[in-house]
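Just below is one structure, and these are the notes that go with it.
Computed from a predicted model, the values in this text were never measured in an experiment.
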Amino acid sequence: MNIESILLKQFNARLVQKVAVIQPLWSGYGDISRYHLTYSSIEQQGQEPASVIVKYIQPPLKNHHPRGWNTQASFQRKLTSYDVEAHWYAHWAHLCSNSTIMPTCYGIFTDPFKEGNEQEKIILLSDLDAQGFTLRYQSASFEQAKACLTWLAKFHGQFVQENPQDDWMKALWQTGTYWHLATRLEEFENMPSSPLKMAAKQIDHILSACRFQTLVHGDAKIANFCFSNDNQVAAVDFQYIGAGCGMKDVAYFLGSCLTEEECHQYTQALLHHYFAVLKKAVRDAHPQVDIAQLEREWRDLFVIAWADFQRFLLGWSANHPKNNGFSQKITQDALSLLVRSPALFEKE
């Protein structure tokens, strides 16, 4: 596909210039780039964007994975993830409140002359840098973590459901997150025998069958949040959005941005902040939902959600820095809870 031609036509621009490759997509599936647009009239310059972001998906002829997971299952999962993200922007993103900031989608384009695995895709998005969200981090301070959890709480509150039907997501992931068990059976088989491996299917079932579910971002790491100078945040990368317990996003996010020591120090305070924001978001969007029961269920599921990601991590890359003492302790807490209080997770 000719990206420049698409942009010229989409915005009726006079000139299009690729100014930067922001980052390659995982495993060589394309890239994310910034394009500058020049217009013929002053009126257009005031109304149309001066720059846009192009997420260009071009599946490779030969599958490559930096950690060696070069399998057909991995390939298909990635292809599906880009279809899910395109569907999210086309049919769901407009339902979000103004306080859950994300890129505006200007259009989705596919190559009509290619089919199946060879099909290229362009997702055309607004430039968050131009909107003031210029800062990116690999770790977070306490206040920065609170800002991201505020975004997640408002997002989860917007879409929370009680006892949802199986098809309520409509073409998103039936189970959100990139590590959910059904799509990571190869990593599961790679896990050494352990109590966590024995409990993995039970953990997955508990999270999938919980009474209160929402849409989870599915890859809510610190790198997928863009910050403004006044500590507001916008989120990007919705490839793994789907149904699930909000604690999946929260547990994964905390592990993505806090050190082991900070996890010990800040987790409870950050959970308190998240639930304070979630309560208001649910009251505003779904006043019929019993917030007290929702909070009780999700607080119990926090350690279960953490153990669920730990299961993936131990099969995917057991020596990863995220496999630290805090994660091991929380996982053990989850396993003990399953033995000690199984009734907590029996759906009413």
Side-chain angles (χ1 to χ4, degrees), residues 1-64 75-96 100-134 136 170-173 217-219 223-224 226 234-241:
M1 287 189 289
N2 189 311
I3 296 174
E4 286 79 7
S5 295
I6 290 173
L7 294 179
L8 286 170
K9 182 177 180 180
Q10 183 73 10
F11 296 101
N12 194 24
R14 177 172 61 84
L15 180 67
V16 172
Q17 182 182 10
K18 185 176 183 177
V19 294
V21 175
I22 298 172
Q23 68 181 59
L25 296 180
W26 186 256
S27 299
Y29 279 66
D31 58 46
I32 302 173
S33 298
R34 177 175 287 108
Y35 285 76
H36 185 266
L37 305 175
T38 303
Y39 302 95
S40 299
S41 70
I42 295 177
E43 182 180 7
Q44 277 184 294
Q45 292 176 12
Q47 294 178 349
E48 300 291 351
S51 61
V52 295
I53 302 300
V54 173
K55 188 166 187 176
Y56 175 46
I57 297 102
Q58 185 182 33
L61 295 177
K62 184 176 181 180
N63 195 22
H64 169 72
F75 181 65
Q76 188 57 54
R77 183 174 59 250
K78 293 183 185 70
L79 292 183
T80 301
S81 78
Y82 294 118
D83 289 340
V84 165
E85 183 172 39
H87 187 85
W88 161 258
Y89 278 119
H91 300 287
W92 282 83
H94 70 279
L95 299 174
C96 292
T100 47
I101 302 168
M102 62 191 67
T104 298
C105 183
Y106 296 126
I108 297 163
F109 305 88
T110 56
D111 189 335
F113 301 105
K114 293 185 178 181
E115 297 181 357
N117 293 346
E118 296 182 351
Q119 191 173 55
E120 301 173 16
K121 190 188 305 292
I122 287 173
I123 304 177
L124 185 55
L125 302 168
S126 63
D127 186 353
L128 289 174
D129 275 19
Q131 296 170 237
F133 297 93
T134 59
R136 313 289 188 271
K170 296 180 181 177
L172 303 179
W173 286 100
H217 178 282
D219 191 8
N224 283 334
C226 307
V236 297
D237 197 349
F238 292 87
Q239 289 174 224
Y240 291 96
I241 188 167

For this session: Could you tell me how the ring of Trp173 sits relative to the ring of Tyr240: parallel (under 30°), tilted (30 to 60°) or perpendicular (over 60°)?
Result: parallel
Problem set entry | Heavy-atom side-chain proximity of Ile122 to Ile6 below 4.5 angstrom | yes
For this session: Quick one: closest heavy-atom pair of Phe11 and Pro49, and the distance?
Result: CE2-CG, 3.6 Å
Exercise. Checking Glu48 side chain against Tyr39 main chain: does a donor-acceptor pair fall under 3.5 Å?
Worked result: no
Problem set entry | Backbone of Gln76 reached by a side-chain donor or acceptor of Thr80 within 3.5 Å | yes
Exercise. Do you know which two heavy atoms are closest between Leu25 and Tyr56, and how far apart they sit?
Worked result: CD1-O, 3.6 Å
Exercise. Between His94 and Tyr89, is there a donor-acceptor pair closer than 3.5 Å when you use the side chain of the first and the backbone of the second?
Worked result: no
For this session: Can you measure from CD1 (Ile53) to CG (Leu124) and round to the nearest 0.5 angstrom?
Result: 9.5 Å
Exercise. Out of curiosity, Glu120 CD to Thr110 OG1, how far, rounded to the nearest 0.5 Å?
Worked result: 10.0 Å
Exercise. Is there side-chain contact between Arg14 and Leu37, with at least one heavy-atom pair below 4.5 Å?
Worked result: no
Exercise. Can you find a heavy atom in the side chain of Pro59 that is under 4.5 Å from one in the side chain of Phe75?
Worked result: yes
Exercise. Atom NZ of Lys121 and atom CZ of Phe109: how far apart are they, to the nearest 0.5 Å?
Worked result: 12.0 Å
Exercise. Does the side chain of Glu85 reach to within under 4.5 Å of the side chain of Ile241, using non-hydrogen atoms?
Worked result: no
Problem set entry | Polar contact flag, side-chain donor to acceptor under 3.5 angstrom, Gln17-Tyr35 | no
Exercise. Please walk me through it: do Ile57 and Gln239 pass side chain to side chain contact (heavy atoms under 4.5 Å, CB included)?
Worked result: CA-CA 12 Å; Ile57 297 102; Gln239 289 174 224; over 6 Å; no
For this session: Side-chain contact test, heavy atoms from C-beta onward, threshold under 4.5 Å: evaluate it for Ile32 versus Val54 and give yes or no.
Result: no
Exercise. What do you reckon, is NZ of Lys9 surrounded by more than 12 foreign heavy atoms closer than 6.0 Å?
Worked result: no
For this session: Can you label the angle between the Phe238 ring and the Trp88 ring as parallel, tilted or perpendicular, going by 30° and 60°?
Result: parallel
Seminar exercise, completed: OG (Ser33) and NZ (Lys18) are apart, to the nearest 0.5 Å, by 3.5 Å
Seminar exercise, completed: Taken to the nearest 0.5 Å, the spacing of Asn12 CG from Leu7 CG works out to 12.5 Å
Exercise. Is Leu95 atom CG crowded by more than 12 heavy atoms from other residues, nucleotides or ligands, each under 6.0 Å away?
Worked result: yes
Exercise. Is there a donor-acceptor contact under 3.5 Å from the side chain of His91 to the main chain of Ala171?
Worked result: no
For this session: Just do the side chain to side chain contact (heavy atoms under 4.5 Å, CB included) check on Leu15 and His36 with the steps written out, would you?
Result: CA-CA 8 Å; Leu15 180 67; His36 185 266; over 6 Å; no
Problem set entry | Least distance between heavy atoms, Ala86 atom then Ile108 atom | O-CD1, 3.1 Å
Exercise. Checking side-chain hydrogen bond (donor to acceptor under 3.5 Å, both in side chains) for the pair Gln131/Ser126: CA distance, chi angles, key distance, verdict?
Worked result: CA-CA 8 Å; Gln131 296 170 237; Ser126 63; 2.9 Å; yes
For this session: Identify which one of Asp237, Asp127, Asp31 satisfies the salt bridge (charged side-chain N to carboxylate O under 4.0 Å, His left out) criterion when paired with Lys55.
Result: Asp237
Problem set entry | Working for side chain to side chain contact (heavy atoms under 4.5 Å, CB included), residues Asn224 and His217 | CA-CA 10 Å; Asn224 283 334; His217 178 282; 4.3 Å; yes
Exercise. What distance separates Cys226 SG from Ile101 CD1, expressed to the nearest 0.5 Å?
Worked result: 10.5 Å
Exercise. Within the side chain of Gln10, is there an N or O that forms a donor-acceptor pair under 3.5 Å with the backbone of Gly107?
Worked result: no
Problem set entry | Pairwise side-chain contact, His87 with Leu172, heavy-atom cut-off 4.5 Å (strictly under) | yes
